[in-house]
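First the structure, in the form of structure tokens, and then the observations on it.
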Amino acid sequence: MLISMWKKLALVGLTATALVATAAEKPNVVIVATGGTIAGAGASTANSAVYQSAKVKVDQLIVAVPELTNVANVRGEQIFAIGSESFTNDRLLELGKRISALSKQADVDGIVITHGTDTLEETAYFLNLTVHTDKPIVVVGSMRPSTAMSADGVLNLYDAVVVAGSPDAKGKGVLVTMNDQIDSGRDITKAVNIKTSAFSSQWGPLGMVVEGKNYWFRAPVKRHTTQSEFDIDKINQLAPVEIVYAYGNVPPTLYEAAAAGGAKAIIHAGVGNGGMGKWLVPTLQNIRQQGVQIIRAARVPNGIVIRNADQPDDKYDWVVAHDLNPQKARILASIALTQTNSSQELQRIFWEY
Ligand code: DGL
């Protein structure tokens, strides 16, 4: 029978572990588990891509890495056991409210969230925008299941607990630890779907975590957590926002369908600088006149969509997504539109967050 990496490590590590600090000296870190590959299991050690996610429970994850007890007093909570492609708005709200409640507890110094990598960037940005705390919140996943050779989940989790328990990680917004890097949950995106170096941030990582020590190089300047005007404790429903991916020959009917489906905003995942074919413009103007916000993002992975370049946004009363990719733009718009329906306000929010 295949023994998962988590179990093997538990067998070897428990005897090797030496406590380096007393419980009172160590930070209290809660690991909130949602599923994903970090809790995945495959049929053989050679299966790094074919496996089932969300099979291993959080208590097994913790027991399997006894080194965690050297750096923190750790306890686990299993909030979901899903692949992250199944995250919905309701799940985001439920997770956010739980993280907010935990962050208010005096006996919690930091929080780690284990998560599938596919939509990790959306959850991390959502929490970054809505949870009012300066305590470290770290979202972590892995690219290989726990049963695979060279599984990456153990070190990613260890790094996450180190960062979540570190006073120097306070006030930096929601963080992500993957592949020895510490990235901002705002900036990070899944850029490769098969390598352990799957994640990148267009403006670079904030730092590195190596052998249980953090090395910081920059800090986020966009509003987040304690400086955010959005508060998860007061949000009970997100606004419906849809994304339409542009390409040569994209039909206007896709945008019309999104509007007819009740979208309060449509994220146009545009070509180049959020651009579009001439034939789309009258349709998008018409949809805007019906009260639906049009937000120009780009399907190009890096760069900034410049207002009034490519399309006259002032004239059409459209919004640009700044440097946010379409899926992050959806998260921000679906929160912002719970509080305003003004395009000027929405644009301000896109500049500031
Ligand atoms: N289904 C994917 C998810 O939970 C597994 C991929 C992963 O976690 O890397 O996002």
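Side chains included, hydrogens not; waters and symmetry mates left out as well; all remaining heavy atoms used.
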- Task: Evaluate side-chain contact (heavy atoms from CB on, under 4.5 Å) for K195 paired with M143, printing each intermediate quantity in order.
- Result: CA-CA 7 Å; K195 295 182 180 174; M143 289 300 291; over 6 Å; no

- Item | D152 and T196: CA distance, side-chain angles, deciding distance, side chain to side chain donor-acceptor pair (under 3.5 Å) verdict | CA-CA 7 Å; D152 53 330; T196 50; 5.4 Å; no

- Take V281 and Q311 through the test side-chain contact (heavy atoms from CB on, under 4.5 Å) and record every step on the way to the result. CA-CA 9 Å; V281 172; Q311 293 294 325; 3.8 Å; yes

- Query: Going through the checks in order, is the side chain to side chain donor-acceptor pair (under 3.5 Å) test met by E121 and N325?
  - Reply: CA-CA 10 Å; E121 65 198 81; N325 66 26; 3.0 Å; yes

- Item | Evaluation steps, side-chain contact (heavy atoms from CB on, under 4.5 Å), between V140 and D159 | CA-CA 9 Å; V140 65; D159 289 345; over 6 Å; no

- Item | Trace of the side-chain contact (heavy atoms from CB on, under 4.5 Å) decision for I295 with L346 | CA-CA 9 Å; I295 302 172; L346 195 57; 3.9 Å; yes

- Message: Would S103 and K135 count as a side chain to side chain donor-acceptor pair (under 3.5 Å) here? Give the steps.
- Response: CA-CA 7 Å; S103 73; K135 292 181 184 175; over 6 Å; no

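Between E94 and R91, no side-chain nitrogen of the basic residue sits less than 4.0 Å from a carboxylate oxygen of the acidic one, so the salt-bridge criterion is not met. Salt-bridge formation is not detected for the pair K328/D187: no Lys NZ or Arg NE/NH1/NH2 atom is positioned less than 4.0 Å from an Asp or Glu carboxylate oxygen.
Linking ILVMFWY side-chain heavy atoms closer than 4.5 Å, directly or via other members, places L324 and V241 in a single hydrophobic cluster.
Of the residues listed (T340, L337, V319, I335), the one engaging I349 in a side chain to side chain contact (heavy atoms under 4.5 Å, CB included) is T340, and it is the only one. With V305 as reference, R296 is the one residue of R296, H322, H268 to meet the side chain to side chain contact (heavy atoms under 4.5 Å, CB included) rule.
With hydrogens and angles disregarded, a donor-acceptor distance shorter than 3.5 Å links the side chain of W279 to the backbone of V250. Here the side chain of K26 pairs a donor or acceptor atom with the backbone of T69 at under 3.5 angstrom. In this structure a side-chain-to-backbone donor-acceptor pair under 3.5 Å is missing from T225 to H132. No donor-acceptor pair under 3.5 Å is formed between the side chain of D109 and the backbone N or O of V29.
With values rounded to the nearest 0.5 angstrom, I267 atom CD1 is found 6.5 Å from I243 atom CD1. The CH2 atom of W203 sits 9.0 Å away from atom NZ of K222, with the distance rounded to the nearest 0.5 Å. To the nearest 0.5 Å, the span separating OG on S334 from CZ on F126 amounts to 7.5 Å.
Taking 4.5 Å as the limit, every side-chain heavy atom of F199 sits out of range of all side-chain heavy atoms of N179. Side chains of T119 and H115 form a contact here, defined as non-hydrogen atoms less than 4.5 Å apart. Between I137 and I113 the shortest side-chain heavy-atom distance falls below 4.5 Å. The shortest distance between side-chain heavy atoms of W216 and D168 falls below 4.5 Å.
By the neighbour-count criterion of 12 heavy atoms within 6.0 Å, atom CD of Q237 is sparsely surrounded, having that number or fewer from other residues, nucleotides or ligands. Counting non-hydrogen atoms of neighbouring residues, nucleotides and ligands closer than 6.0 angstrom, the NZ atom of K97 exceeds 12 such neighbours. Around CD of E211, the count of heavy atoms belonging to other residues, nucleotides or ligands within 6.0 Å does not exceed 12. Within a 6.0 Å sphere centred on CG of N249, heavy atoms belonging to other residues, nucleotides or ligands number 12 at most.
Annotation: cation-pi geometry not satisfied between R288 and Y316 (NZ/CZ under 6.0 angstrom from ring centroid, within 45° of ring axis).
Taking the six-membered ring for Trp, Y125 and Y353 have ring centres at least 6.0 Å apart.
Between F80 and F87, the ring planes lie perpendicular to each other; the angle is over 60°, past the 30° to 60° tilted range.
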